[in-house]
Protein chains: 2
Amino acid sequence: MAVDRDQVLRAAASLLMRRSSATMDEVARAAGISRATLNRQFAGRDALVRALEDLGIAECEAAAERASVDEGPAPDAVRRLVRELEPAAGLLAFLYSENQLFEGDEQNEGWARLDARLVALFRRGQEAGEFRIDLSPVWLTEALYGLLVSAAWAVYEGRVAPKDSSSNVTELLLGGALRREK
Amino acid sequence: MAVDRDQVLRAAASLLMRRSSATMDEVARAAGISRATLNRQFAGRDALVRALEDLGIAECEAAAERASVDEGPAPDAVRRLVRELEPAAGLLAFLYSENQLFEGDEQNEGWARLDARLVALFRRGQEAGEFRIDLSPVWLTEALYGLLVSAAWAVYEGRVAPKDSSSNVTELLLGGALRREK
DNA sequence: CTCATATGAGACATTCGTGTCTCATATTGG
DNA sequence: CCAATATGAGACACGAATGTCTCATATGAG
């Protein structure tokens, strides 16, 4: 009987990624519950979006944890990270377009923690001579987010195959589009 | 006395990029006109967004024209294209997050034209042996959009310097993050 | 079984954005 | 100068989404 809060969040994320302007009623239907119950669990749309934000941050941190981003060669760490991050790409795409989250007075400090972690990863790769140093770690972090979101959209719209999503991001981010001279 | 339609669109784009949920009244104020006049020029919010979409497509096509994307080595063409596209990155960022544009029954065919042009560019580079062939031209096109949007956001939020925006996108898209062995 | 609790369905008022209208004022063209 | 036109300010009604409430029903615990 008890509503699975996590499942509701998943359904909401899945719908809001496609239509960020979806009604609370539509969200409720997508989650298989009534609008009343949805409002009982999340006091208003803001609370729902905040919960999705927390979920997104938690998933990203869990992915970073599973990928052991602080261990081994940085390029390999990036590959593992992207692979682990892929299931959360849809949710990330929604949060990415929800620019309202970043204009308020206080933004979730979880993003800062996550950013710091990724920035440290890229900096580590630079100091090890694995990454080029003319692209700042901050930019590489932003690019990682952007490519993940682009990949999620491309997959959703059927432009690229889901199975290629992860390698697409990784290969472009690390190797770029130019053909390598061996 | 006549309102500069183009200037209104610029102001609207500048505001809506930051706050896609901005009110028509806010848009009007940002453009320095009254809500009544705004509604006289654009019959409703939909019409405004459509006009912004047309503007964005036109700017992208103009950029592709100026960059002569069909001439010379493909990597150089990409460099020129990104440089010419940069001023429109903010507008692109707004349209990118306006996923409502792509869910309706008919979407602006301008995007298809633009996509085809960029896909052709990347395919040309592949056939010339300049670009790697394990990343599809479609994905490279999507990645180009995504990186442009990421760069625009990063600049807006002060994370990267505006002067580096263009080279950031170009260098990452073409060369990737890995350090090149000479 | 019985009771407490959670849910669904629906009604309700409120808020907010929107589109339209009017009228006064300012600007432009003849 | 005068007329035509465009603009600004404000009022107005309409619609949509939201948050809250009630009540009937279903589920689970003891």
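Chain A is the first sequence line, chain B the second, and so forth, proteins listed ahead of strands; every chain is numbered from 1.
Comparing atom distances between the A/Gln41 side chain and each of C/dT7, D/dA17, D/dG10 picks out C/dT7 as nearest. Closest approach to the B/Arg45 side chain among C/dT18, D/dT7, D/dT18 is made by C/dT18 (side chain taken as heavy atoms from C-beta onward). The side chain of B/Asn39 lies closest to C/dG19, out of C/dG19, C/dG10, D/dG19. Side-chain atoms of B/Thr37 lie closest to D/dT7 of the nucleotides C/dG17, D/dT7, C/dG10.
Pairs passing the salt bridge (charged side-chain N to carboxylate O under 4.0 Å, His left out) check and including a residue from residues 108-121 of chain A, sequence neighbours excluded, read A/Glu61-A/Arg113, A/Glu65-A/Arg117, A/Asp115-B/Arg159. Sorted by first and then second residue, the pairs that involve residues 127-136 of chain B and meet side chain to side chain donor-acceptor pair (under 3.5 Å), not counting sequence neighbours, are A/Glu171-B/Arg132, B/Arg132-B/Asp134. Residue pairs that meet the salt bridge (charged side-chain N to carboxylate O under 4.0 Å, His left out) test with at least one member in residues 37-50 of chain A, sequence neighbours left out, do not exist here.
Between B/Leu174 and B/Pro75, the shortest heavy-atom distance links the atoms CD1-O, 3.8 Å. Taking each heavy atom of A/Ser20 and A/Glu98 in turn, the nearest pair found is CB-OE1, 4.5 Å. In terms of heavy atoms, B/Arg124 sits closest to B/Val69 at NH2-O, 2.9 Å.
To the nearest angstrom, P of C/dT28 lies 14 Å from CG of B/Asp4. If you take CZ of B/Phe42 and P of C/dG19, they are 13 Å apart, rounded to a whole angstrom. The interatomic distance linking B/Asp46 (CG) with C/dG17 (C1') rounds to 13 Å, in whole Å. Summarising the geometry, the separation between CG on B/Leu48 and P on C/dT18 is reported as 10 Å, rounded to the nearest angstrom.
Of the residues in residues 25-35 of chain B, those with a non-hydrogen atom less than 4.0 angstrom from any atom of DNA chain D are B/Gly32, B/Ile33, B/Ser34, B/Arg35. Residues from residues 6-18 of chain B lying near DNA chain C, meaning a heavy-atom separation below 4.0 Å, are absent.
Using a 4.0 Å cut-off between charged side-chain N and carboxylate O, A/Glu59 and A/Arg10 make a salt bridge. Under the 4.0 Å criterion applied to side-chain N and carboxylate O atoms, A/Arg80 and A/Asp76 are not assigned as salt-bridge partners.
The rotation axes computed at either terminus of the helix from C/dC1-D/dG30 to C/dG30-D/dC1 lie 30° apart, taking five pairs at each end and rounding to 10 degrees.
Put simply, the side chain of B/Arg18 gets close to the backbone of B/Ser14: a donor and an acceptor are under 3.5 Å apart.
Counting only N and O atoms by type, the side chains of A/Ser150 and A/Tyr96 include no donor and acceptor under 3.5 Å apart.
Between B/Phe131 and B/Phe122, the two ring planes are tilted [angle within 30° to 60°].
When heavy atoms are screened at a 4.0 angstrom cut-off, A/Arg40 is found touching base atoms of the nucleic acid.
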